[in-house]
Amino acid sequence: MSDPRIYRTEPYAQSNISKVIGSTEKDGFDVVACSSSVFCPEGGGQPSDIGTISRGAEIYNVTSAYDANLESDVWHVTDAPVGTFREGEEVELTIDWDHRFCNMQRHCGEHMLSGTMHNLFGGINRGFHMGEEYITIDIDLDGRMLTDEELDLAEKTVNEAIWADLPVTITYFDNYEASLAMPVRKQVPHDGQVSVVTVGELPDPYDCIACCGTHPSSSAQVGLLAIYKHEPNKGMNRIYFDCGIRAKEKLSADFDLLTELARRSSCSTGDLLHKMEATGEEMSELKAQLATMSSYIKDAEKPVIVDGLKKADGVFRYSFDLVSVDDLLKLGFSAISEVEGKLLILMHPKTCTALLFSSGDAKCGSIVRENAPACNGRGGGRDDNARAVFQSVKDMKQFAEAIV
């Protein structure tokens, strides 16, 4: 009897004719089970297949597929309104092949990298996630972190195995005990059928592990594996990487970006790092010069503000943007400390920000909360100082003039 899960015995089959054997609903749409299916359900860290389900000229999308276990029905989540499909109807199921093959490349590559980590360093894969932008695995080395040199070695080793065009086979067993005949790198006991994926030739394969996902028939179809980065995660090594077309697209995009950065820096890609280091040194020097100039400007402006405060009848308004808002804040604190019973409003036109400082009874925070909204502003603060940000310079000036 043929396997109703066609993807297990014919992973390159892209469509099949089947009959609806069950239906339910999700969010107002049909979810159907069929007598046979090319769709691989989500499981083992691999996203499900996507594609279409059709009945004659009517075609609907299958957005995901799921199951309860390897021996249960595969359920297809569709965008067909509830009641579209009925039991006994003949339908055609068709997968999105590009999506399927991408999953096959990525999943097989993950097996090979996990096996390499085990063979080279004794690492155990404790977690696997196949995301849209990259794949992650968590490799447990009893608290030890991998070095960059070790990651480079692992990547090189995996790619050499990929390009060796090793056979990839899937063997099915009725139960876990029967699967122990295979040299799996990690034993994961569970009930029901077991499928074991082997990369390479028995009895000494490159990798061998239980898995319910789909895989290509040879390692060369993985194409390549690229490790992007790694970082500590709960005492383990979290490795970010990808395989096949996804890795190629990421590397091509990164190279295009690198080339554009080099062009804008008027240098070659090989000289870009040196150019960036030189630019960083120049920026540090400019920041030091800017700090010196800001200090000089603040020292020069402070007497003007203090004099204005002393002459003002309660409120002194002053607009200034030759320094940053943070430097203006420091200037305001320094100036208000030399007078009593006054309210200082410093305006920064570049950022439409008003800074309030009080050395008397005026409560800056309350002033902002009560008056800023009417001038398209928002902010708050304490009694002695507050800040408000406005949509325009006109709004900021309107706010400042309204404070008496």
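Keep in mind the model is a prediction, meaning the values are calculated, not measured.
Lys310 has no carboxylate O lying under 4.0 Å from a charged side-chain N of Glu340, or vice versa, which leaves the two without a salt bridge. A salt bridge links Asp67 and Arg5; the closest N-O separation between the charged side-chain nitrogens and carboxylate oxygens is under 4.0 Å. In this structure, Glu133 does not pair ionically with Arg246, as no charged nitrogen and carboxylate oxygen lie closer than 4.0 Å. Ion pair Arg55/Glu89 flagged as a salt bridge, since at least one NZ, NE, NH1 or NH2 atom sits closer than 4.0 Å to an Asp/Glu carboxylate oxygen. The pair Arg126-Asp140 counts as a salt bridge, with a side-chain nitrogen and a carboxylate oxygen less than 4.0 angstrom apart.
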Phe241/Tyr134 under ring-ring contact (aromatic ring centres under 6.0 Å, His included): CA gap, chis, key distance, verdict | CA-CA 6 Å; Phe241 69 101; Tyr134 46 74; 9.4 Å; no
Could you check Ser295 against Thr292 for side-chain contact (heavy atoms from CB on, under 4.5 Å), going step by step and ending with a plain yes or no?
-> CA-CA 5 Å; Ser295 179; Thr292 300; 5.8 Å; no
Apply the test ring-ring contact (aromatic ring centres under 6.0 Å, His included) to residues Phe29 and Tyr60: give CA-CA distance (whole Å), side-chain angles for both, the deciding distance (0.1 Å), then the verdict.
-> CA-CA 11 Å; Phe29 298 104; Tyr60 300 94; 9.6 Å; no
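Asp30 and Gly83 make their closest contact through OD1-N, 3.0 Å (heavy atoms, listed as atom of the first residue, atom of the second, distance). In plain terms, the two heavy atoms of Arg100 and Pro11 that are nearest each other are NH1-O, 2.7 Å. Residues Ser319 and Pro349 come closest through the heavy atom pair OG-CG, 3.2 Å.
Here the straight-line distance linking atom CD of Glu92 with atom SG of Cys34 works out to 11.5 Å at 0.5 Å rounding. Put simply, OG on Ser179 and NE2 on His190 are 7.5 Å apart, with the number rounded to the nearest 0.5 Å. Atom CG of Asp49 is separated from atom OH of Tyr7 by 9.0 Å, given to the nearest 0.5 angstrom. Atom CG of Asp321 and atom OG1 of Thr353 lie 10.5 Å apart (nearest 0.5 Å). Taken from CZ in Arg185 to OG1 in Thr116, the straight-line distance is 9.0 Å, to the nearest 0.5 Å.
Within the 4.5 Å cutoff, no side-chain heavy atoms of Phe173 are placed close to those of Gln193. At a threshold of 4.5 Å between non-hydrogen side-chain atoms, the residues Tyr206 and Ser219 do not count as touching. In this structure, the side chains of Glu42 and Ser64 stay at 4.5 Å or more apart for every pair of heavy atoms. Side chains of Ile21 and Glu87 form no contact here, defined as non-hydrogen atoms less than 4.5 Å apart. Contact annotation: the side chain of His230 approaches that of Leu151 to within less than 4.5 Å [non-hydrogen atoms, C-beta and beyond]. In this structure, Asp307 and Lys311 have side chains that are in contact, with non-hydrogen atoms separated by less than 4.5 Å. Under the 4.5 Å side-chain criterion, counting only non-hydrogen atoms from C-beta, Leu141 is in contact with Phe121. The shortest side-chain heavy-atom distance between Ile367 and Lys363 does not fall under the 4.5 Å cut-off.
With respect to Asp79, the side-chain hydrogen bond (donor to acceptor under 3.5 Å, both in side chains) criterion is satisfied by exactly one of Thr63, Asn61, Thr84: Asn61. If you run salt bridge (Lys or Arg N to Asp or Glu O under 4.0 Å) between Asp242 and each of Lys229, Lys248, Arg106, only Arg106 comes through.
Remark: side-chain polar atoms of Lys186 are paired, donor with acceptor, to backbone N or O of Asn125 under 3.5 angstrom.
Using the six-membered ring where Trp is involved, Phe333 and Phe357 have ring planes that are perpendicular, over 60° apart on the 30 and 60° scheme.
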